[in-house]
Amino acid sequence: MSSALLEDLRARGLIFQIAGEDELPAWLDGGTRTLYCGFDPTADSLHIGSLVPLLMLRRFQHAGHKPLALVGGATGLIGDPSFKAQERQLNTPDVVAGWVDKLKKQVSQFIDFDGSETSAEVVNNLDWTANMDVLTFLRDVGKHFSINAMIQKESVKQRIEREGSGISYTEFTYMILQSFDFAELNERYDCTLQIGGSDQWGNITGGIDLTRRLHGKQVFGLTMPLITKADGTKFGKTESGTIWLDANKTSPYAFYQFWLGCADADVYRFLKYFTFLDVAEIEEIERADAERQGRPEAQGVLAREVTSLVHGDEGLAAAERITESLFSGSIDSLAESDLAQLRQDGLPASAMTRDAFPETLTQLLTEAGMAASGKQVKDALGRNAVTINSRPVGWEANADVSGCFDPEAALYGRYYLVKLGKKKYHLFEIG
RNA sequence: GGAGGGGUUCCCGAGUGGCCAAAGGGAUCAGACUGUAAAUCUGACGCGAAAGCUUCGGUGGUUCGAAUCCACCCCCCUCCA
């Protein structure tokens with residue numbers, strides 16, 4: 001059953017490298033195995049970059065294995081230097097501890113805790129490092145690492161070779177800490193597989209070596225490819241920033257829109273990476289899209305699948321509701337309750353009173369976050385790209401804010417839906 | 001410690017006394033086209049509604065005038081020790 005898993009993963013393009021490739025299929029077929037993936041608290045939420053490994057844990061769980069989600073309360077205090085161009089700023093322990101709590105919850109929603117043999121667990125590496133003293137660490141762990149080997153690792157090579165950037169002793173030690181995690185999880189949970197992004201290869205093989213040296217056990221490693229985009233830009237960022245998994249940082253609507261806007265050249269690959277749809281099913285979608293000669297279905301499928309995975313059915317419904325009203329329906333036909341709902345669903349919105357109006361529209365819309373500067377608003381106004389409740393507003397109206405928000409034009413006496421460009425909406429509630 | 005080369009607007013990268021808010025490219029935003037695409041074309045792109053204000057590693061100085069010259073300082077790169 002599990003070599004079938006590996007086959008599926010391979011068909012999805014989710015396997016980059018495997019350590020112990022020859023033995024791993026048989027090992028997985030031989031029973032329920034425990035695997036882990038680490039997530040370091042570098043912010044108060046994970047972003048979609050962590051989604052592939054998270055879903056990977058779930059894929060393994062579905063295939064009958066036991067996933068451990070490790071939240072790096074310890075490693076997060078140190079900072080992973082892997083392929084980072086420069087030394088990172090350390091965060092304070094209490095900040096990191098706060099992030100650990102948040103990530104624990106976040107990570108938990110992707111795996112099942114049913115108490116069965118394959119029940120997931122969340123662990124924190126601070127539990128076994130916090131009280132370890134330096135001498136023990138150096139004698140029992142450090143002794144197994146060869147500096148000669150460590151500086152050969154691709155992940156830190158540029159930091160070591162490039163003068164100027166350099167690497168601190170602290171970050172250099174990161175690999176040892178993570179390696180120790182693997183060995184420790186092997187002891188505690190009989191964990192025999194570590195998965196991670198391709199940038200983690202060095203850290204993972206470090207853990208494999210240490211586990212063998214410390215416990216004489218053979219363990220495995222598997223890495224996933226770096227998610228790339230066909231146009232070469234970085235995946236997971238948009239003009240408005242990182243796409244987070246936390247609904248408070250990236251609303252389900254924005255999240256849904258992110259996937260909906262995915263390029264044709266990427267979308268089928270992403271369906272394989274980010275959804276649980278069968279590969280055959282995805283290929284069928286691709287075929288149908290190619291024949292249709294119009295707007296592809298794939299983006300919609302992707303957006304629905306991933307949004308529902310991350311934000312649940314409710315989040316998806318909210319996202320679809322907003323999308324439907326803004327892009328398909330007529331704004332004027334929205335019921336009062338719809339407008340209230342949109343706001344609750346995460347459509348950017350703000351409330352203000354008439355006497356709080358700034359002098360100009362450029363100020364108002366910039367402050368509302370619709371544009372980065374007044375110049376951009378000016379440009380949009382000059383091109384008739386701004387509408388208020390579907391009524392076009394021109395540059396000449398810039399200084400006439402109250403005229404633009406004429407009570408006569410309000411929806412239900414207080415709502416104004418402002419649109420800038422084709423995709424940016426903001427709901428103003430004027431009291 | 002010695003010798004040389006650098007730090008320019010989000011990024012890359014021109015610019016060596018006025019014509020510089022600073023070429024060009026990328027990114028980004030907006031328009032046309034379209035599928036809320038891609039490609040392409042157009043406009044914008046330090047801040048400001050405007051008057052105007054603030055930038056070229058930092059601090060002072062020379063000058064009517066400095067990103068450009070001078071002094072000192074900070075940081076980076078290459079080579080030597």
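Residue numbers start from 1 in every chain, and the chains themselves are labelled A, B, ... in the order their sequence lines are given, proteins ahead of strands. Values in this document were obtained by computation on a predicted structure and should not be read as measured data.
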Q: Looking at the rings of A:Phe327 and A:Tyr425, which for Trp means the six-membered one, are their centres under 6.0 Å apart?
A: yes
Q: Would you classify A:Gly374 as touching base, sugar-phosphate or nothing, given that sugar-phosphate means primed atoms plus P, OP1 and OP2, and contacts are heavy atoms under 4.0 Å?
A: sugar-phosphate
Q: Roughly how far apart, to the nearest Å, are B:A71 and B:G52 at atom C1'?
A: 33 Å
Q: Does a donor on one side chain and an acceptor on the other come within less than 3.5 Å for A:Tyr36 and A:Gln194?
A: yes
Q: When the P atoms of B:C76 and B:U8 are considered, how many whole Å apart are they?
A: 14 Å
Q: Taking only residues at least two apart or on different chains, which pairs with a member in residues 39-61 of chain A satisfy ring pair (Phe, Tyr, Trp, His ring centres under 6.0 Å)?
A: A:His47-A:Trp244
Q: Check residues 339-351 of chain A and write down every donor-acceptor pair under 3.5 Å in which the side-chain atom is one partner and the other belongs to a residue at least two apart or another chain.
A:
| residue | atom | partner | partner atom | Å |
| --- | --- | --- | --- | --- |
| A:Gln341 | OE1 | A:Arg321 | NH2 | 3.1 |
| A:Arg343 | NH1 | A:Glu429 | OE1 | 2.7 |
| A:Arg343 | NH2 | A:Glu429 | OE1 | 3.2 |
| A:Asp345 | OD1 | A:Arg321 | NH2 | 3.0 |
| A:Asp345 | OD2 | A:Arg321 | NE | 2.9 |
| A:Asp345 | OD2 | A:Arg321 | NH2 | 2.9 |
| A:Ser350 | OG | A:His426 | NE2 | 2.7 |

Q: Could you give all pairs that pass the salt bridge (Lys or Arg N to Asp or Glu O under 4.0 Å) test and reach residues 362-371 of chain A, with sequence neighbours left out?
A: none
Q: Tell me yes or no: between the side chains of A:Ser82 and A:Gln200, is some donor less than 3.5 Å from an acceptor?
A: no
Q: Determine the interatomic distance between P on B:U68 and the same-named atom on B:U55; round to the nearest Å.
A: 13 Å
Q: When you measure from every atom of RNA chain B, which of residues 300-321 of chain A have a heavy atom less than 4.0 Å away?
A: none
Q: Return the nearest nucleotide to the side chain of A:Lys424; candidates are B:C29, B:A32, B:G35.
A: B:C29
Q: Across all strands shown, which nucleotide pairs with B:U62 by Watson-Crick or G-U wobble geometry, both distances under 3.5 Å?
A: none
Q: Using a 4.0 Å heavy-atom cut-off, does A:Leu260 contact any base of the nucleic acid, only the sugar-phosphate backbone, or nothing at all?
A: base
Q: Sorted by first residue and then second, give each salt bridge (Lys or Arg N to Asp or Glu O under 4.0 Å) pair with at least one member in residues 372-390 of chain A; sequence neighbours left out.
A: A:Asp379-A:Arg383
Q: Quantified in whole Å, what is the C1' atom distance between nucleotide B:A67 and nucleotide B:G7?
A: 12 Å
Q: Any protein N or O atoms within reach of nucleotides 43-45 of chain B? Criterion: under 3.5 Å, listing atom names and distances.
A:
| residue | atom | partner | partner atom | Å |
| --- | --- | --- | --- | --- |
| B:G43 | O4' | A:Arg383 | NH2 | 3.4 |
| B:G43 | N2 | A:Asp379 | OD2 | 2.9 |

Q: Paired with B:C53: which nucleotide, if any, by Watson-Crick or G-U wobble criteria at under 3.5 Å for both distances?
A: B:G46
Q: Checking side-chain polar atoms at under 3.5 Å, does A:Thr205 have a donor or acceptor matched by the opposite partner on A:Lys153?
A: yes
Q: Where the side chain of A:Lys423 is concerned, which of B:A49, B:A30, B:A37 is the nearest nucleotide?
A: B:A37
Q: Could you name each residue pair satisfying salt bridge (Lys or Arg N to Asp or Glu O under 4.0 Å) that touches residues 133-143 of chain A, not counting sequence neighbours?
A: none
Q: I need the residues from residues 391-403 of chain A with at least one non-hydrogen atom less than 4.0 Å from RNA chain B; give them sorted by number, or say none.
A: A:Trp395, A:Asn398
Q: From the set B:C47, B:A50, B:G31, return the single nucleotide nearest to any side-chain atom of A:Lys378.
A: B:A50
Q: Scan residues 243-259 of chain A against RNA chain B and write down, sorted by residue number, each residue with any heavy atom closer than 4.0 Å; if none is found, say none.
A: A:Gln257
Q: Write out all pairs satisfying salt bridge (Lys or Arg N to Asp or Glu O under 4.0 Å) with one or both partners inside residues 264-281 of chain A, taking only residues at least two apart or from two chains.
A: A:Asp266-A:Arg269
Q: The criterion is side chain to side chain contact (heavy atoms under 4.5 Å, CB included); which residues satisfy it with A:Asn389, sequence neighbours excluded?
A: A:Leu411, A:Tyr416, A:Leu417
Q: Under 4.0 angstrom, heavy atoms only, what part of the nucleic acid is A:Thr360 near: base, sugar-phosphate, or nothing?
A: base
Q: Which residues pass the side chain to side chain contact (heavy atoms under 4.5 Å, CB included) test with A:Ala303, sequence neighbours left out?
A: A:Tyr256, A:Trp259, A:Leu260
Q: Any luck finding a side-chain donor-acceptor pair between A:Asp40 and A:Thr42 under 3.5 Å?
A: no
Q: A:Trp99 and A:Asn91: side-chain donor and acceptor closer than 3.5 Å?
A: no
Q: Is B:U34 paired to anything, Watson-Crick or G-U wobble with both distances less than 3.5 Å, and if yes, which nucleotide?
A: none
Q: Tell which nucleotide pairs with B:A81, taking only Watson-Crick or G-U wobble pairs whose two distances are both under 3.5 angstrom.
A: none
Q: Which one, B:A30, B:A49, B:G48, comes nearest to the side chain of A:Ala380?
A: B:A30
Q: Side chain of A:Ser373 only, please: which of B:C47, B:G35, B:A49 is the nearest?
A: B:C47
